[in-house]
Amino acid sequence: MRHINSFAEAVHRLRRERGMSLGDVAAKARYSPSYLSKLLHGHRALLPEVVRQIDTVLGAKGQLERLAEQQRSEGSAGGNKPMQLPADVPGFVGRADVLQAMDAALTSQANGGAHTIVIEGGFWVGKTALAVHWVTRILGRFPGGCLFADMRGLGPGAPRTPEEVLDGFLQALGAGQADLNGPLEVRAARFRSILAERPAVVVLDNIADYSQVRHLLPGGGSVVVATSREHQASLLLRTGGVSIDLPALPINDALTLLASRAGGHRVAADPVAAEAVVRRCGRLPMAVLIVAEHLQQRPDSTLGKIADQLATDRHRLDLFTSPDPTVNVHGVIDLSYLALPPAAARLFRLLGISPAYTVSADAAAVLADIEPDLAESLLTVLRQSHLVTPMPDGRYCIDYLLRAYAHQRALVEEHLREVEKAQDRVLRWYTARALAANNSLILNWRDPTINSLLADFGQAGPGFDEAMSWCQSEVATALQIAKNTRSHLAKDLLWVLPTAFLPYFAITRSWTDWLIAANDGLDAATAAESTPGIARSLQVLGWAERDLGRTSESISHLTQALELYGELGDELPAAWTAHGLALALSDSQRHGDAIAHFQAADDRFRTLRHDIGGVVNRAALALAFHEAGDRERALDTAREALDLAQRHGSDGIQSLAHHSLGILLQRRGEHRTALTQFDSAAVLRRRPWQQWNLADTLIARADSLLALGFRPHATAAYEQAADILESLRDSRAHEIRARAAVRGKHQWASKNAPAGPVQRLPSWTR
């Protein structure tokens, strides 16, 4: 047993002065008495974080930290202190949150072993650069220096053996020849013994698995930083280490890196192209650096030219091809791809030719024509190899460069016919899902004339909430599929899919997606020379234009669509088109023409027994009657709409009927009665997808409150509506908030306060 040293003497003196036992000190420092005793007797290294905690507990004001540092320096004198760490990356960019997490991992207790941090991530994401940068920051706290080894777990050449690396570490630590003899376990024990005296940082770069590195792991007091392109479950399980799954750089950090190497003036001169470049580089640091090097070596090149070159899968990888294997994207990704099981490699290739950039397990199963459970397991294999990235909603995405690589592999290894069949399956599946979901949003929306195109993908309609959720998560992917699919097997579906989402667009007011879908559908239908497709696309386009205030264009397109549906004899789409045309005509103050088209639509909906269409149409017809001066007929029609809605039972339809009746009563000056209808509508509009509609009801409610002199509550309703519109990024938010501010300046005339629901505000307003 060693003699008690000066550090231990100071600890004992301070605890006696404070009336504390060794057990008291151990408890407050959150270490075991046994560990503290071994530390004071020299059997455990004086780790900086442990010393700092004891210094704090005893109120030593840094005295113990200075003594410990002096003893560590004396203990390392005459011994080797290897400094094998490569040079830090100049101008290291970003990763502040990751560096903070690594700092936190270092200060946590290591359960008796070394602190272990495993940095995992895909190719070129900057794992080694991060490890070197972080170790450079904390290296001064470790008297044993730094040991570094490239394990070549997934790289050119054979992986390094633990025997080879361990002998190199022992020699760097000054071990004698005798320490290099004997079995591997004996040498590993000697390695741990040396580092127990002089804790060090051990960096194991690019490891293969736990078996490769288990004899290279030091004991308590040291730190291990390992990097890998694959998930290291065994290492983390056995060491209790911290896993850092390193993502690509955030867009702003990637732009900063590009500017630092290529010149800030280039990025400032064309920021749109610069952002496109870093996105198409997958925001990978090495890819961004290669682009910067290209710009420096070729003064005639521009960010715009590079952005165009990186825009297509076919040519995206050309810029990253080099004789140097470390910067040759093909060779780097080959290492991961060639290690995949055949089924996972096939799914990866198909993801490269899929018209969608994101995929669920169900969609992957359709793409590869396999069972969903198998697709899920194969996606897990790809995720663990960092060839796909999991998304918060459970789907997966594949980054730009990996997609281009997979695309090239598919062109070489898959038959062209199989590629087309895979794209066709995805198109049919998404179309069937979109039609089924939107048919649940507005019953009988699905066009029966296209059922034969989807015979292999019959879809039962989901519930309303499930349908809304599916549309919210998949609409962007579906539109991408319709635009990117190159299938000659089902070209009609290229217009069906984008136009299938009209109910969803109408409910959520997703105007941008709505216009994109309508124009894409019209282009596809025209190319296919499909009269039903042209009619449906013109209908969808006309509805979108009407919502955006483009009334004349809306009337033109809806009129064309109605004529085509008349030729086709397709009554349900004709009814909805007549309704949309009537709305656009009302907007143009052509009330007589509008009423004629509303009544034509109503006749069709009655014949088809389409209750939802009947409610929506009659609610609008009532307002048209009012504008035309037929006030009694207007009120009767609005009440008919509400009665039909209540018999139908849908919250969304009932809320529309209540709101429309409230608007009609408001226009008649019957504000007290209107408030009852607005309250009923608001209660039914609390679902997330009803937020725009709820805002409309709150605004209408506030207008009636104001007309009755109930100004404070009117102001509150305006503010609520403005908050909702602001959250939806609706430009009306500022106007409504300004209206609330102006109205709020006036005094409330209490004698005009309305009775009923206004006296006690409903729960949804509180």
- Task: Test W511 against E545 for side-chain contact (heavy atoms from CB on, under 4.5 Å), laying out the working first.
- Result: CA-CA 9 Å; W511 292 296; E545 289 167 336; over 6 Å; no

- Message: Assess whether a salt bridge exists between D696 and R732, defined as any Lys/Arg side-chain N lying under 4.0 Å from an Asp/Glu carboxylate O.
- Response: yes

- Answer yes or no: is there a donor N or O on one side and an acceptor on the other, between the side chain of R425 and the main chain of V366, under 3.5 Å? yes

- Message: Would you say that L502 contacts N438 through its side chain, given a criterion of any heavy-atom pair below 4.5 Å between the two side chains?
- Response: no

- Message: Tell me if a side-chain donor or acceptor on S537 pairs with a main-chain N or O of G521 at a distance below 3.5 Å.
- Response: yes

- Item | Validation row: R668, L635 side chains within 4.5 angstrom (heavy atoms) | yes

- Message: Within the structure provided, determine whether L642 and Q654 are in side-chain contact (heavy-atom separation under 4.5 Å).
- Response: no

- Got a salt bridge between R428 and D424, using NZ or NE/NH1/NH2 to carboxylate O under 4.0 Å? yes

- Salt bridge or not for E553 and R546, using N-O below 4.0 Å? no

- So, do L656 and R685 sit near enough that their side-chain heavy atoms are less than 4.5 Å apart? yes

- Message: By the definition side-chain contact (heavy atoms from CB on, under 4.5 Å), identify the one residue from Q690, H658, H659 that meets it with T697.
- Response: H659

- Item | R433 with E474: basic N within carboxylate O range, under 4.0 Å | no

- Item | Test item: T607 side-chain N/O and D603 main-chain N/O as donor-acceptor pair under 3.5 Å | yes

- Message: I want to check something: taking the side chain as every heavy atom from C-beta on, are Y396 and T358 in contact at a cut-off of under 4.5 Å?
- Response: no

- Trace of the side-chain contact (heavy atoms from CB on, under 4.5 Å) decision for R316 with H407: CA-CA 11 Å; R316 183 170 293 149; H407 179 87; over 6 Å; no

- Would you call D703 and R739 a side-chain contact if the rule is heavy atoms closer than 4.5 Å? yes

- Item | Nearest heavy-atom neighbours spanning S530 and W495 | OG-NE1, 3.3 Å

- Message: What verdict does the side-chain hydrogen bond (donor to acceptor under 3.5 Å, both in side chains) test give for Q589 and H591, after you've listed the backbone C-alpha separation in whole Å, the side-chain angles of each residue and the deciding distance to 0.1 Å?
- Response: CA-CA 5 Å; Q589 305 301 311; H591 300 301; 3.2 Å; yes

- For the residue pair Y400 and Y357, categorise the inter-ring angle as parallel (less than 30°), tilted (30 to 60°) or perpendicular (more than 60°). perpendicular

- Message: Would I534 and T526 count as a side-chain contact (heavy atoms from CB on, under 4.5 Å) here? Give the steps.
- Response: CA-CA 6 Å; I534 293 172; T526 302; 4.2 Å; yes

- Item | F605 and W576 aromatic centres sub-6.0 Å | yes

- S660 side chain to A657 backbone, donor-acceptor under 3.5 Å: no

- Item | Name of the residue among V475, L441, T508, L435 meeting side-chain contact (heavy atoms from CB on, under 4.5 Å) with F501 | V475

- Task: Answer yes or no: is there a side-chain heavy-atom contact under 4.5 Å between D611 and R647?
- Result: no

- Message: Go through it in stages, so that I can follow the logic: the residues are R279 and E275, the test is side-chain contact (heavy atoms from CB on, under 4.5 Å), and I'd like the CA-CA distance, side-chain angles, deciding distance and then a yes or no.
- Response: CA-CA 6 Å; R279 287 190 186 280; E275 182 169 339; 2.9 Å; yes

- Query: Less than 4.0 Å between a side-chain N and a carboxylate O, is that true for D399 and R403?
  - Reply: no

- Ion pair present between D308 and R280, side-chain N to carboxylate O less than 4.0 angstrom? no

- Heavy atoms, side chains only, cut-off 4.5 Å: are L623 and T637 in contact? no

- Looking only at heavy atoms, what is the nearest atom pair of A619 and A641, with distance? N-CB, 3.8 Å

- Query: Sub-3.5 Å donor-acceptor pair from the side chain of S588 to the main-chain atoms of R590, do we have one?
  - Reply: no

- Sub-3.5 Å donor-acceptor pair from the side chain of R395 to the main-chain atoms of S473, do we have one? yes

